[in-house]
Every structure is written in structure tokens, then in C-alpha cells.
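Here's the structure, in C-alpha cells; my notes come after.
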Amino acid sequence: MAWYAYCVAERQAFPELCRHRRPMPLAGVSGLFGNQTFLFPASDLAVIVSEHSPEDTDRLDQQAAKDHARVVADCFKLSTVLPFRFGTTFQDDDALRRSVRSNQRHFQANVERLRGKAEMHLKVLVDDICPGNAARDMTVGQQYLTSLRESASRQRERQSKARALSIQMHRMFLPLAEEITCKRMDTGKMLLDIAHLIDNKTVERYQNKYTSATLELKDCRMQLSGPWPPYHFVHKTTPQHQHSA
């Protein structure tokens, strides 16, 4: 039997696994294509899976990705979870057990690190401080070199602006960890995509800080979602920052 895998969870969070060593149905949670989900026990961990056939591989579309995320979110209500990438499958029981066994120390360390924590997701849209990124003058000589220097200068200014704004966000929200990306949109604005790792107990406080931030940063358009499973922090041990424009 091939398995489609959604996430790793804590076995102790599911009392029905206490006396069983074989996969047990996970009540109330349907998987991809309406399939029954199962708790697959593996040492102190449990892997949430559903049956997978070769034909299912061609059906892994956008709706399937949403269903994958839904299953992970449902399990997150019950346990610390380590989400698998969308489309992760195992050929049979032995392949799944070998994978968990070979990664067990890594999985358990991440479960300990992320227990009681959640991810909040901020999108911050601001005006580009260097609008009108005109096409370079491609003539040979001094004009072309000047154009290159101006382009490099604009990029440095954008990166500086993004860095300053991300630092401001960090001071406002004080996350346990963060991952930030920045890119210039076709509309001429800059988008900061921010994932913050926080303690579950501080979600309400975080939401209140978001309300304050929207009032204080009137030149920014902000959007908040969460709490989510810690997708961005499963494989991260240090804060991540990426700025590109």
C-alpha cells in the first residue's frame, strides 16, 4: 500500500495509538480526493497519511494542494506538526518507516523546538522609493556605464528601505524567529512577505500589535493571516532574510 504523507505529529497527542502499532483511522479528517486519513505510528511520532494510487499523481492540482494544507491545519489543532511538502509519497509501509527512522532525531528535535508555537504571516505593501525604473540606455560608452550605476544605486536603496522596514516590524512584533522576503511588484510597489514564529499563548497580543501597526504605518498596506502551522520554520534554526528587487 502506497501512502500520501501530510505531516509528522506527536504520537502522544493521539490516545488511540497508545495500544496500537498499525495505522489507525483519524476520525473527522478527510484527505486528498476525500480519502480517509490514518495515523501511522512510528516510535514516539505519528505520520498522518492517506492511501495513494499511481493515478492520484496526475490529480495533484491546486485543489489537492489546498486539501493538503487543510489536513495539516486540522492536525495542528491537536498536536505539534512538521508539514511534509505537497506531493510527498511513500511506496509502502517499510519505505515510510525507514524514512522516519533515518530522520527520527531531526524530527524529534524540531517537534521539541516548535512545540507550543505557531506561524503568523504578514504581507506589507509599500511604495517603491525609486519609481520609474526606466530602461537602460544601451548606447556604448559613458551613458551606458552611468545607467548601470544608477540601476545599482536604485537596487541598494530598495534593499536598504526593505531592511529598515523589516527591522521596524521585528521591533513591533518581537517574534521568536522570522523569515522575510522582499520583491518589487509589476505595479511599482515593494512587497515584504514576513513569516513570524510566535508562542501560541501570544496570538491575541500579536493581533493587537497588528491593529496598532496598521494605524501607525499609514504609508503601508498590511495583511495578516494565521495562526498557521510553522511551515517556514520546520527546517530553520536561525532567522532568515532575503531581499531582492
Determine, stepwise, if the pair Leu32 / Asp56 fulfils side-chain contact (heavy atoms from CB on, under 4.5 Å). CA-CA 9 Å; Leu32 267 62; Asp56 289 337; over 6 Å; no
Would Ile48 and Leu39 count as a side-chain contact (heavy atoms from CB on, under 4.5 Å) here? Give the steps. CA-CA 5 Å; Ile48 286 71; Leu39 296 161; 4.0 Å; yes
Kindly indicate, with the supporting measurements, whether the criterion side-chain contact (heavy atoms from CB on, under 4.5 Å) is fulfilled by Thr57 and His52. CA-CA 8 Å; Thr57 302; His52 182 77; 3.3 Å; yes
Would Val71 and Ser50 count as a side-chain contact (heavy atoms from CB on, under 4.5 Å) here? Give the steps. CA-CA 10 Å; Val71 172; Ser50 60; over 6 Å; no
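Remark: the Asn110 side chain and the Arg113 side chain contain an N/O donor-acceptor pair separated by less than 3.5 Å.
Annotation: side chain of Met1 is in contact with side chain of Glu51 (closest heavy-atom distance under 4.5 Å). For the pair Phe173/Ile198, no side-chain contact is recorded, criterion being any heavy-atom separation below 4.5 Å from C-beta on. Inter-residue side-chain proximity for Leu165 and Met190 is flagged as unmet; no heavy-atom pair is nearer than 4.5 Å. Residues Phe33 and Asp67 have side chains not in contact (no heavy-atom distance under 4.5 Å, counting atoms from C-beta outward). Side chains of Ser43 and Gln104 form a contact here, defined as non-hydrogen atoms less than 4.5 Å apart. Using a 4.5 Å heavy-atom threshold, the side chains of Lys209 and Met120 count as separate. Within the 4.5 Å cutoff, side-chain heavy atoms of Val126 are placed close to those of Cys220. Looking at Phe90 and Arg97, their side chains never come closer than 4.5 Å, going by heavy atoms from C-beta outward.
The distance from atom OG1 of Thr211 to atom CD of Glu216, rounded to the nearest 0.5 Å, is 12.5 Å. Considering CZ of Arg22 and CZ of Phe40, their distance stands at 8.0 Å, rounded to 0.5 Å. With rounding to the nearest 0.5 angstrom, the CG atom of Leu122 is 10.5 Å from the CD atom of Glu178. Atom-to-atom distance recorded for Glu179:CD and His232:NE2 is 5.0 Å, nearest 0.5 angstrom. The CG atom of Leu26 sits 4.0 Å away from atom OG1 of Thr37, with the distance rounded to the nearest 0.5 Å. Summarising the geometry, atom CZ belonging to Arg171 is positioned 10.0 Å from atom OG belonging to Ser166; distances are rounded to the nearest 0.5 Å.
Pairing each heavy atom of Pro229 with each of Ala73, the nearest pair is CG-CA, 4.1 Å. Across all their heavy atoms, Met169 and Val124 have their closest contact at CE-CG2, 3.8 Å. Closest non-hydrogen pair, Cys182 versus Leu192, comes out as SG-CD1, 3.7 Å. The two atoms that bring Leu114 and Val234 nearest to each other are CD1-CA, 4.1 Å, heavy atoms only. Across every non-hydrogen atom of Arg70 and Ser30, the tightest pair is NH1-O, 2.9 Å. In terms of heavy atoms, Val100 sits closest to Ala42 at CG1-CB, 3.6 Å.
Put simply, the residue from Tyr4, Tyr6, Trp3, Phe14 that forms a ring pair (Phe, Tyr, Trp, His ring centres under 6.0 Å) with Phe38 is Trp3.
Under a 4.0 Å N-O distance rule, the pair Lys123/Asp193 qualifies as a salt bridge.
There is a path of hydrophobic side-chain contacts, each under 4.5 Å, that joins Phe233 to Leu45. Val203 is not connected to Trp228 by any chain of hydrophobic side-chain contacts under 4.5 Å among Ile, Leu, Val, Met, Phe, Trp and Tyr, and they are in different clusters. Note on Val111 and Tyr231: separate hydrophobic clusters, where clusters join Ile, Leu, Val, Met, Phe, Trp and Tyr whose side-chain heavy atoms are under 4.5 Å apart, directly or indirectly. Hydrophobic clustering, with ILVMFWY side chains joined whenever heavy atoms are under 4.5 angstrom apart, groups Met172 together with Tyr210. Grouping the Ile, Leu, Val, Met, Phe, Trp and Tyr side chains by contacts below 4.5 angstrom, directly or via other members, places Tyr206 with Met222.
For Thr88 (side chain) and Ala5 (main-chain N/O), no donor-acceptor pair under 3.5 Å exists by modelled atom type. The main-chain N or O of Pro41 is never found under 3.5 Å from a side-chain atom of Arg11 such that the two would form a donor-acceptor pair. Ser102 places a side-chain N or O within 3.5 Å of a backbone atom of Ser99 that can act as its donor or acceptor partner.
Residue Gln91 qualifies as open at atom CD: its count of foreign heavy atoms under 6.0 Å is 12 or below. Remark: Arg115 CZ is packed, more than 12 non-hydrogen atoms of other residues, nucleotides or ligands lying under 6.0 Å away.
Residues His68 and Phe84 keep their aromatic ring centres 6.0 Å or farther apart.
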